[in-house]
Trainee: 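Sending over a structure as structure tokens; questions will come in a sec.
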Amino acid sequence: MTTLTLPGLIDVHTHLRVPGGEHKEDFATGTAAALAGGITMILGMPNTSPPLTTPSALHTAYALAAADCRCDVGLFAGASPEDVRHLPELGETAVALKIYLNDTFGKLRVEDVPTLRACFRDWPRHKLIAMHAEKQSVAVGIGLAATYDRPVHFCHISRREEIELIADAKMRGLPVTCEVTPHHLFLDQADAQRLGPLGDMRPILGTPDDVAALWEHLHDTVDCIATDHAPHTLAEKHSATPPPGVAGLETSLGLMLTGVVDGRFTLDRLITLMHANPRRIYNLPAQPDTLVEVEMTPTHIQNEQMYSKCGWTPFHGREVAGRVQRVILRGQLVYENGQVLAAAGSGKVIGGQ
Ligand code: NCD
Ligand code: ZN
């Protein structure tokens, strides 16, 4: 059996649900799930309740993260029309700014040009702006990147038309980057039908042609794999108004390694997409003496083995090519043989001062 040694993986798109959604996930459980998935650094999204759009909300979330996280955590600030005056102060603390142009879970949304303009003028230039942009909203983001001559990162790109537009923008030399999720690479509309609410997320699952386009562009246009870990309880998912989103921290590496074993892309490219590019694009600190050991043995994904508080995944029962055996973070053994060993609070926060 082969054992692979990888660098600590970085997930630039995680929902940790603190404050306001602790019954779905918290910093202690979400970061345990990250370590179990070979991920040693995560960036938490701002669509909490309240959302991270004010300095006080952001400081509170950072303090809770520092007390509870088992791996390293940075936080996004959120853009909202009501709180644009806070952008410079938020920019001193948060790792990056998230702008939601399209509908999804939570109330954070930017639908007016003055707010977009404020974001691009007032957010510190050395910190990234990330966008939830679908279909023609991707063109809005590219236009803003060009107008203000500053980088824009597109979250969870899922459609052929979007990835092709980004490829064209990159060809023109525009400063845009993007991520795709494992669920948009390994599931499609047919799975959405089969899974019902458990296969519903934003962006929704694509057509087989959309999925093919993401795989084609994995070699060049796609910069990062990000989980969009978006835990919701099974009761919420089976309710009359199921929220969109699925867990992803614990299944991402196994799925992507399956792509490598199937010859769809190389292990070098996997490391670029899940470690080197996330670190470079978000300008994240190094984690010395950090590594992930993976046993390349066929393994079934099981709901029962999850550390995420939600306790389910749309990939339950699927066979993947490898499993995380051991994780070492800054010289400490933090995960081994299915057991998370890192104490709550042993992780570091990134930003937050
Ligand atoms: C996310 C969530 O639940 O917070 N849901 C989702 O379907 N992806 C929000 C988001 O990332 O759009
Ligand atoms: Zn998300």
Side-chain angles (χ1 to χ4, degrees), residues 2-14 34-35 37-43 71-72 74 95-96 128 130-131 145 151-158 162-171 173-186 211-229 248-296 320-324 327-329 350:
T2 322
T3 303
L4 298 180
T5 304
L6 306 175
L9 303 179
I10 302 173
D11 183 28
V12 298
H13 192 144
T14 312
L35 291 175
I39 295 165
T40 54
M41 190 185 288
I42 56 187
L43 297 187
C71 70
D72 295 357
V95 170
L128 196 60
M131 283 191 172
V152 168
H153 178 76
F154 291 101
C155 300
H156 43 49
I157 286 300
S158 65
E162 297 163 356
I163 197 71
E164 290 183 348
L165 193 57
I166 291 170
D168 291 350
K170 285 187 169 202
M171 210 124 72
L174 295 174
V176 294
T177 54
C178 70
E179 69 195 31
V180 301
T181 72
H183 50 262
H184 290 115
L185 288 168
F186 286 91
V211 175
L214 299 183
W215 281 105
E216 283 161 29
H217 284 272
L218 207 62
H219 305 279
D220 45 22
T221 317
V222 175
D223 297 284
C224 308
I225 298 296
T227 69
D228 193 12
H229 177 80
L249 287 169
E250 290 161 270
T251 50
S252 175
L253 178 57
L255 288 163
M256 296 314 293
L257 285 169
T258 307
V260 172
V261 166
D262 292 347
R264 305 182 82 170
F265 70 122
T266 66
L267 185 61
D268 269 3
R269 186 71 186 152
L270 180 149
I271 294 169
T272 301
L273 293 167
M274 300 182 80
H275 169 79
N277 280 352
R279 179 159 176 236
R280 176 179 55 80
I281 289 166
Y282 279 91
N283 193 22
L284 298 169
Q287 294 179 305
D289 302 319
T290 297
L291 59 86
V292 175
E293 277 178 20
V294 177
E295 217 175 81
M296 292 306 286
V320 292
R323 65 161 169 257
V324 176
V327 180
I328 295 174
L329 174 55
I350 303 154

Trainee: Looking at every heavy atom in both Leu255 and Phe186, which two are closest together, and how far apart are they?
Mentor: O-CZ, 3.1 Å
Trainee: Work out which heavy atom in Pro285 is nearest to a heavy atom in Met41; give both atom names and the distance.
Mentor: O-CE, 3.4 Å
Trainee: Do the side-chain N and O atoms of Thr181 and Asp228 include a donor-acceptor pair separated by under 3.5 angstrom?
Mentor: no
Trainee: Please report the closest heavy-atom contact between Ile163 and Leu214, naming both atoms and the distance.
Mentor: CB-CD2, 4.4 Å
Trainee: For the atom pair CD1 (Ile39) and CD (Glu250), what is the distance rounded to the nearest 0.5 Å?
Mentor: 9.0 Å
Trainee: Evaluate the side-chain proximity of Thr227 to Ile42: yes if any heavy-atom separation is below 4.5 Å, no if none is.
Mentor: no
Trainee: Answer yes or no: is there a side-chain heavy-atom contact under 4.5 Å between Val95 and Val12?
Mentor: no
Trainee: Considering non-hydrogen atoms only, spot the tightest contact between Thr258 and Ala321 and give its length.
Mentor: OG1-N, 2.9 Å
Trainee: Which heavy atom of Val211 sits nearest a heavy atom of His184, and at what distance?
Mentor: CG2-O, 3.6 Å
Trainee: What are the two closest heavy atoms between Val327 and Gly38, and how far apart are they?
Mentor: CG2-CA, 4.3 Å
Trainee: Could you walk me through whether Met256 and Leu185 pass side-chain contact (heavy atoms from CB on, under 4.5 Å), step by step?
Mentor: CA-CA 9 Å; Met256 296 314 293; Leu185 288 168; 3.7 Å; yes
Trainee: Side-chain contact test, heavy atoms from C-beta onward, threshold under 4.5 Å: evaluate it for Ser252 versus Asp11 and give yes or no.
Mentor: no
Trainee: Could you tell me if the side chain of Phe265 sits less than 4.5 Å from the side chain of Leu273, heavy atoms only?
Mentor: yes
Trainee: Take Asp223 and Lys170 through the side-chain contact (heavy atoms from CB on, under 4.5 Å) test and state the conclusion after the steps.
Mentor: CA-CA 11 Å; Asp223 297 284; Lys170 285 187 169 202; 2.7 Å; yes
Trainee: Applying ring pair (Phe, Tyr, Trp, His ring centres under 6.0 Å), can you list everything that pairs with His156, at least two apart in sequence or on another chain?
Mentor: His13, His132
Trainee: Nearest 0.5 Å please: distance from the CE atom of Met171 over to the CG atom of Asp220.
Mentor: 9.5 Å
Trainee: Might you work through the side-chain hydrogen bond (donor to acceptor under 3.5 Å, both in side chains) test for Thr14 and His229, ending with a clear yes or no?
Mentor: CA-CA 5 Å; Thr14 312; His229 177 80; over 6 Å; no
Trainee: Nearest 0.5 angstrom please: His219 NE2 to Thr272 OG1, how far?
Mentor: 12.5 Å
Trainee: Would you call Asp72 and Leu284 a side-chain contact if the rule is heavy atoms closer than 4.5 Å?
Mentor: no
Trainee: What pairs with Val294 under side-chain contact (heavy atoms from CB on, under 4.5 Å), at least two apart in sequence or on another chain?
Mentor: Leu4, Leu6, Leu253, Leu257, Val292, Met296
Trainee: Once rounded to the nearest 0.5 Å, what's the spacing between atom CG of Leu9 and atom OG1 of Thr40?
Mentor: 6.5 Å
Trainee: Between atom CD of Glu162 and atom CD1 of Ile157, what is the distance when rounded to the nearest 0.5 Å?
Mentor: 4.5 Å
Trainee: Any non-hydrogen side-chain atom of Cys224 less than 4.5 Å from a side-chain atom of His153?
Mentor: yes
Trainee: Taking C-beta and beyond as the side chain, do Leu218 and Ile225 meet within less than 4.5 Å on heavy atoms?
Mentor: yes
Trainee: Quick check for you: to the nearest 0.5 Å, what is the distance between Leu329 atom CG and Thr290 atom OG1?
Mentor: 4.5 Å
Trainee: Using side-chain heavy atoms (C-beta onward) and a distance below 4.5 Å, is Trp215 in contact with Arg264?
Mentor: yes
